[in-house]
Amino acid sequence: MRLVLVGPPGAGKGTQAEFIAAHLSVPKISTGDLFRANVGQGTPLGLEAKKYMDSGQLVPDEVTINMVKERLGDPDATDGFLLDGFPRNVPQAKVLDDMLSELSVKIDIVLELIVDNDEVVRRLSGRRTCRGCGKIWHIEFDPTAKPGKCDRCGGELFQRDDDRPDTVQNRLMVYAEQTAPLVDFYAAQGKVVGIDATGPVEDVTERAIDALRPYEG
Ligand code: AP5
């Protein structure tokens, strides 16, 4: 299956992507994670991306699209993938459609995670991510047994630079202006399924898997 996850910052895309990708046996491809890995390694791509990420703006399309093109060319993505955070605007979606049609494949389904802005702010202010394995935690909603240490690998937890309150507001604005129109773009192709992304993580996963069932196999 070729799936796109869409939803505002903090909707739970990264959290759910892990479970859904494992359920579908496809790789999870997150442009945010790819950019953060480049930032962490200090690559030229990372230095360029960081300027935009720190202010909550989108990284320019040509940089993002080339990175995704390269990743989609990896052998593990041949038979399916889950895209988290890409496409992020209509021009990126159009390029993705063209890229896939050259391979005679297409996006099967776009899963929209629906949450309101107050919930987003609560989630992002308490998010912590593991430096070792990338697992996402929350100090209140999904805490680790020992503060600051990952339950899965024992790695150190950190707070993302772009989770500062002023940057979060900016990311929400960018989402409304540039990413929300993407939902209409895919709805016109009859590909959008929306689910309520509030409540316990396991309940959201169950709703997601139920929503995808008709498109599996
Ligand atoms: P990206 O990393 O994609 O960030 P985002 O879309 O803003 O999404 P987040 O990762 O912040 O949130 P999420 O929905 O994954 O939520 P999570 O699961 O962590 O992008 C970062 C930046 O990179 C962008 O601003 C941009 O600059 C650049 N970029 C990326 N892609 C790009 C593109 N295509 N084009 C251009 N630029 C691009 O959950 C959040 C918190 O909530 C966690 O703490 C979690 O534990 C908690 N939580 C999750 N589910 C629940 C629940 N059900 N109940 C309670 N808490 C929950």
Side-chain angles (χ1 to χ4, degrees), residues 4-21 28-39 45-46 48-69 71-72 82-93 95-96 111-130 134-144 150-151 157-164 167-180 182 195-208:
V4 170
L5 265 192
V6 70
K13 300 181 297 296
T15 302
Q16 296 300 333
E18 197 168 316
F19 298 120
I20 298 170
K28 168 189 103 140
I29 300 176
S30 157
T31 40
D33 287 351
L34 291 172
F35 283 135
R36 280 185 288 279
N38 276 280
V39 171
L45 174 73
E48 172 74 5
K50 189 167 166 46
K51 293 189 276 188
Y52 299 92
M53 295 169 81
D54 281 353
S55 60
Q57 298 300 318
L58 297 187
V59 178
D61 284 350
E62 61 274 18
V63 177
T64 309
I65 287 165
N66 283 335
M67 183 178 75
V68 171
K69 216 178 232 174
R71 178 63 186 89
L72 287 179
L82 181 161
L83 285 172
D84 161 15
F86 183 90
R88 196 73 157 224
N89 56 27
V90 173
Q92 290 183 5
V95 173
L96 178 65
L111 184 69
E112 183 188 9
L113 301 186
I114 302 168
V115 291
D116 65 32
N117 285 1
D118 289 345
E119 177 69 10
V120 160
V121 171
R122 270 194 297 276
R123 288 185 183 182
L124 294 183
S125 58
R127 170 164 57 192
R128 298 292 183 272
T129 308
C130 175
K135 170 103 176 77
I136 302 162
W137 300 95
H138 192 283
I139 52 174
E140 185 186 342
F141 306 132
D142 191 10
T144 52
C150 178
D151 282 359
L157 305 188
F158 72 98
Q159 184 165 26
R160 272 171 47 176
D161 287 344
D162 60 349
D163 282 347
R164 290 188 309 265
T167 311
V168 167
Q169 288 308 327
N170 217 6
R171 286 162 63 199
L172 284 169
M173 255 164 47
V174 169
Y175 181 81
E177 281 168 11
Q178 300 189 46
T179 309
L182 191 63
I195 59 162
D196 172 11
T198 57
V201 170
E202 314 74 68
D203 292 4
V204 180
T205 307
E206 209 174 300
R207 270 175 234 143

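Keep in mind the model is a prediction, meaning the values are calculated, not measured. First listed ligand is number 1; within each ligand, the first listed atom is number 1. Heavy atoms only: backbone and side chains are in, while hydrogens, waters and symmetry mates are out.
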Only heavy atoms count here, so choose which of R88, M53, R122 is nearest to atom 1 (P) of ligand 1.
R88
Checking a contact table here: which protein heavy atom is nearest atom 8 (O) of ligand 1, and how many Å away?
K13 NZ, 3.2 Å
Shortest protein contact, atom 49 (C) of ligand 1 (heavy atom only)
T15 OG1, 3.5 Å
Which heavy atom of I136 sits nearest to which heavy atom of G14, and what is that distance?
CD1-C, 3.7 Å
Shortest non-hydrogen contact from F35 to A49?
CD2-CB, 3.6 Å
Report yes or no: does G10 have a heavy atom closer than 4.0 Å to ligand 1?
yes
Before accepting this row, confirm whether a basic side-chain N of the pair D163/R171 lies closer than 4.0 Å to the acidic partner's carboxylate O.
yes
To which protein heavy atom is atom 43 (C) of ligand 1 closest, and what is the distance rounded to 0.1 Å?
I136 CG2, 3.5 Å
Counting non-hydrogen protein atoms only, what is the nearest one to atom 16 (O) of ligand 1? Give residue, atom name and distance.
G12 N, 3.2 Å
For atom 52 (C) of ligand 1, what is the nearest protein heavy atom, given as residue, atom name and distance?
R123 NH2, 3.3 Å
Taking atom CG of L96 and atom CG of L83, what is their separation to the nearest 0.5 Å?
6.0 Å
Keeping the roles fixed (side chain from T179, backbone from R88), state whether a donor-acceptor pair exists under 3.5 Å.
yes
Honestly, for S30 the part within reach of ligand 1 (heavy atoms, under 4.0 Å) is neither
Would you mind listing which atoms of ligand 1 come within a distance below 4.0 Å of any non-hydrogen atom of H138?
44 (O), 46 (O)
Closest to atom 28 (C) of ligand 1 (heavy atoms only, candidates F86, F35, Y52) is F35
Counting each atom of ligand 1 from 1 as listed, which ones have a heavy atom of T31 under 4.0 Å away?
30 (C), 31 (N), 32 (C), 34 (N)
Does atom CD of E206 have more than 12 heavy-atom neighbours, drawn from other residues, nucleotides or ligands, at distances under 6.0 Å?
no
Side chains of D161 and M53, heavy atoms from C-beta outward: is any pair under 4.5 Å?
no
Specify the closest pair of heavy atoms between C150 and W137, including all atoms of both residues, with the distance to one decimal.
SG-NE1, 3.6 Å
Counting heavy atoms only, which part of Q57 comes closer than 4.0 Å to ligand 1: side chain, backbone, both or neither?
backbone
Looking at ligand 1, would R36 count as a contact under a 4.0 Å heavy-atom criterion?
yes
With respect to P200, determine whether any N or O atom, backbone or side chain, lies less than 3.5 Å from an N or O atom of ligand 1.
no
Could you list which atoms of ligand 1 come closer than 4.0 Å to a heavy atom of G85?
31 (N), 32 (C), 33 (C), 34 (N)
Considering only heavy atoms, does W137 approach ligand 1 within less than 4.0 Å through its side chain, its backbone, both, or neither?
backbone
Closest non-hydrogen atom pair between R127 and H138, with its separation:
N-CD2, 3.9 Å
Quick check: closest heavy atoms across I20 and A208, and the distance to 0.1 Å?
CD1-CB, 3.8 Å
Which of the numbered atoms in ligand 1 are under 4.0 angstrom from any heavy atom belonging to T64?
33 (C), 34 (N), 35 (N), 36 (C)
If you round to the nearest 0.5 Å, how far is OH of Y52 from CG of D162?
16.0 Å
For V201, the atoms of ligand 1 under 4.0 Å from one of its heavy atoms are 50 (N), 51 (C), 52 (C), 53 (N)
Pairwise distance NZ(K28) to CG(D33) - rounded to 0.5 angstrom:
4.5 Å
Please identify which atoms of ligand 1 are closer than 4.0 Å to at least one heavy atom of D162.
21 (C)
Protein contact to atom 7 (O) of ligand 1 [nearest heavy atom, distance to 0.1 Å]:
R171 NH2, 2.7 Å
Looking only at heavy atoms, which two atoms of G56 and V174 are closest? And how far apart?
O-CG2, 3.5 Å
For atom 15 (O) of ligand 1, what is the closest protein heavy atom, and at what distance to 0.1 Å?
G14 N, 2.8 Å
Taking 4.0 angstrom as the limit and counting only heavy atoms of Q92, give me the atoms of ligand 1 inside it, by number and element.
33 (C), 34 (N), 35 (N), 36 (C)
How far is atom 4 (O) of ligand 1 from the closest protein heavy atom, and which atom is that?
R160 NH2, 3.3 Å
If the cut-off is 4.0 Å to any non-hydrogen atom of G199, which atoms of ligand 1 fall inside it?
52 (C), 53 (N), 54 (N)
Determine whether V115 and R123 satisfy the following criterion, side-chain contact (heavy atoms from CB on, under 4.5 Å), listing intermediate values before the conclusion.
CA-CA 11 Å; V115 291; R123 288 185 183 182; 3.9 Å; yes
